[in-house]
Colleague: 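Below is the structure I would like to discuss, written out as structure tokens.
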2 protein chains.
Amino acid sequence: MVQLGRRYGTGPSSLAEIALDEDLPRAYLEQLVTSLRDAGLVVSTRGAHGGYELGAPPSEIRMSDVLRALEGPIAPMICATDDPAHLLGCDRSARCTVNVLWVRVRDAISGTLDSMTLADLVPARNITLDPRDPTASPAGVA
Amino acid sequence: MVQLGRRYGTGPSSLAEIALDEDLPRAYLEQLVTSLRDAGLVVSTRGAHGGYELGAPPSEIRMSDVLRALEGPIAPMICATDDPAHLLGCDRSARCTVNVLWVRVRDAISGTLDSMTLADLVPARNITLDPRDPTASPAGVA
DNA sequence: GGAATTCCGACCGAATTCGTCGGGATTGAG
DNA sequence: CTCAATCCCGACGAATTCGGTCGGAATTCC
């Protein structure tokens, strides 16, 4: 996702490209990106010169959504899951007093994840040190 | 731990007792409690009529310490571990920009865990619904 | 038509988790 | 002293998950 963030706006990038940059097996990336596509976070273009690109600007992609797409509902324990559909009460739920702890932990996690977007993780392409310098350009100026 | 919390101040409790209340295999509890003892959270008394009891009042036992004793350092990812000793830099650490996210998540988790003590999880023994009702009784009244 | 690419589903080895087992060491009670 | 209750220890085991592989079918551009 960070790689796709860097390339945002430059058309689809092939998995081969990303695999190279990130030094990960292409086949594995394929698996990951499939989940991201199903979640609508990336869009795919098939055929030659196809590839993947972000479905929205990096600043609008919450990391909580990325993580949910890749790893399922946010849940430190089965009894404290994000997704009500997967809320599977353990047999102990009656006596168990620990649930409140896990719920707080979960909220802490999703809170921080909600507060970060992909833009927070994509390395800036150019850094304007002097605020009076208007030549600080929107990326990709060759 | 919650069970030991309930029994706090009443002398050592045997694993058999707790196993019964909690409906968990004694042999398994044994394994867990060993870690807790090594961490100093519970103290053991050997021999007949021995058992385990908390090493401090419930309100002074932070849940972060309990979790660390049972599950090791708090770390959503290997590259964002609590315990500097286990900080094992992944080979990607140079290029990887995601670390900051995991560190924030980790801090959120340990923050909430630090803020809760065992006392927060031990069910109160008597609940006075009407402050004028002095018959609200200490648990277990048949 | 052929090359580049996504798409799909099955498979696999290693690690972790939850739990078991058997027996040894220590201590209080009779 | 002996016995029963209990902690103590280390090894074992089955199920699940995780990171990753493999082979090939479908799609699109040149």
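Throughout, a chain's letter reflects where its sequence line sits, starting with A, and its residues are numbered from 1.
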Colleague: Please tell me if the side chains of A:Asp65 and A:Ile61 come closer than 4.5 Å, counting only heavy atoms from C-beta onward.
Modeller: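 Side-chain contact under 4.5 Å: no.
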
Colleague: Using C1' atoms of five pairs at each end, report the bend of the helix from C:dG1-D:dC30 to C:dG30-D:dC1 rounded to 10 degrees.
Modeller: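 End-to-end axis angle for the helix from C:dG1-D:dC30 to C:dG30-D:dC1: 10°, rounded to 10°.
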
Colleague: Return the CE to OG1 distance between B:Met63 and B:Thr117, rounded to the nearest 0.5 Å.
Modeller: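 Nearest 0.5 Å value for the CE-OG1 distance: 8.5 Å.
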
Colleague: Check the distance between D:dG20's C1' and A:Leu32's CG and give it to me in whole angstrom.
Modeller: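 That distance rounds to 10 Å.
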
Colleague: Hey, quick one: are A:Leu54 and A:Leu32 part of the same hydrophobic cluster, counting side-chain heavy atoms closer than 4.5 Å, chains of contacts allowed?
Modeller: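 In one cluster with A:Leu54: A:Leu32, yes.
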
Colleague: I need the CD-C1' distance between B:Glu22 and C:dC18, as an integer number of Å.
Modeller: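 My rounded result for the distance is 15 Å.
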
Colleague: In the single-linkage hydrophobic clustering (I, L, V, M, F, W, Y; side-chain heavy atoms under 4.5 Å), do B:Leu70 and B:Ile18 co-cluster?
Modeller: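 Same hydrophobic cluster.
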
Colleague: Using distance only, find each side-chain donor-acceptor pair of residues 98-107 of chain B under 3.5 Å and give its atom names and separation, not counting sequence neighbours.
Modeller:
from: B:Asn99; atom 1: ND2; to: B:Cys79; atom 2: O; distance (Å): 2.8
from: B:Arg106; atom 1: NE; to: B:Ala80; atom 2: O; distance (Å): 3.1

Colleague: Hey, which sits more toward the 5' end of DNA chain D by its nearest nucleotide, B:Met77 or B:Arg26?
Modeller: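 Between the two, 5'-proximity favours B:Arg26.
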
Colleague: Measure the CD-CG distance between B:Gln3 and B:Leu15 for me, rounded to the nearest 0.5 Å.
Modeller: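 One finds 11.5 Å between CD of B:Gln3 and CG of B:Leu15.
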
Colleague: Determine, for nucleotides 24-30 of chain C in 5'-to-3' order, which nucleotides have protein heavy atoms under 4.0 Å from the base (write B), from only the sugar-phosphate (write S), or from neither (write -).
Modeller: BBBBSS-

Colleague: Ignoring hydrogens, what is the shortest heavy-atom contact between B:Val122 and B:Gly5? Give both atom names and the distance.
Modeller: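 Nearest heavy atoms, B:Val122 then B:Gly5: CG2-CA, 3.9 Å.
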
Colleague: Heavy-atom distance under 4.5 Å between the side chains of B:Arg6 and B:Pro123, does that happen here?
Modeller: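 Yes. Closest side-chain heavy atoms under 4.5 Å.
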
Colleague: Which whole-number value in Å describes the distance from B:Leu36 CG to D:dC8 C1'?
Modeller: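 That distance rounds to 15 Å.
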
Colleague: Tell me: OH of B:Tyr52 to C1' of D:dA5, nearest whole Å?
Modeller: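 Going from B:Tyr52 (OH) to D:dA5 (C1'), I get 13 Å.
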
Colleague: Which whole-number value in Å describes the distance from B:Glu17 CD to D:dC7 P?
Modeller: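 Whole-Å distance recorded here is 9 Å.
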
Colleague: Within the structure, does a side-chain N or O atom of B:Ser14 lie under 4.0 Å from either OP1 or OP2 of D:dA5?
Modeller: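 Indeed not, no polar side-chain atom of B:Ser14 lies that close.
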
Colleague: For the pair made of CD in A:Glu71 and P in D:dG19, what is the distance, rounded to whole Å?
Modeller: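 After rounding, the reported distance stands at 7 Å.
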
Colleague: Going by salt bridge (Lys or Arg N to Asp or Glu O under 4.0 Å), name the pairs with one or both residues in residues 27-46 of chain B, residues two or more places apart or in two chains.
Modeller: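 For residues 27-46 of chain B: B:Arg26-B:Glu30.
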
Colleague: Is the shortest side-chain N/O distance from B:Tyr28 to OP1 or OP2 of D:dG13 below 4.0 Å?
Modeller: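 For D:dG13, OP1/OP2 do not have a side-chain N/O of B:Tyr28 under 4.0 Å.
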
Colleague: Counting distance only, does the side-chain N/O of A:Glu60 pair as donor-acceptor with the main-chain N or O of A:Pro57 below 3.5 Å?
Modeller: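 No, because the side chain of A:Glu60 does not come within donor-acceptor range (under 3.5 Å) of the backbone of A:Pro57.
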
Colleague: Rounding to an integer number of Å, can you tell me how far A:Ile18 CD1 sits from C:dA4 P?
Modeller: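 Answer to the nearest Å: 18 Å.
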
Colleague: Within the 4.0 Å limit for protein heavy atoms, which parts of nucleotides 9-15 of chain C are touched? Write it as a string from 5' to 3', B for base, S for sugar-phosphate only, - for none.
Modeller: -------

Colleague: To the nearest Å, give me how far apart CG (B:Leu20) and P (D:dA5) are.
Modeller: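 B:Leu20 atom CG is separated from D:dA5 atom P by 15 Å.
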
Colleague: Please name all residues satisfying side-chain hydrogen bond (donor to acceptor under 3.5 Å, both in side chains) with B:Asp21, sequence neighbours left out, ordered by chain then number.
Modeller: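 Scan of B:Asp21 (side-chain hydrogen bond (donor to acceptor under 3.5 Å, both in side chains), adjacent residues dropped) gives B:Arg7.
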
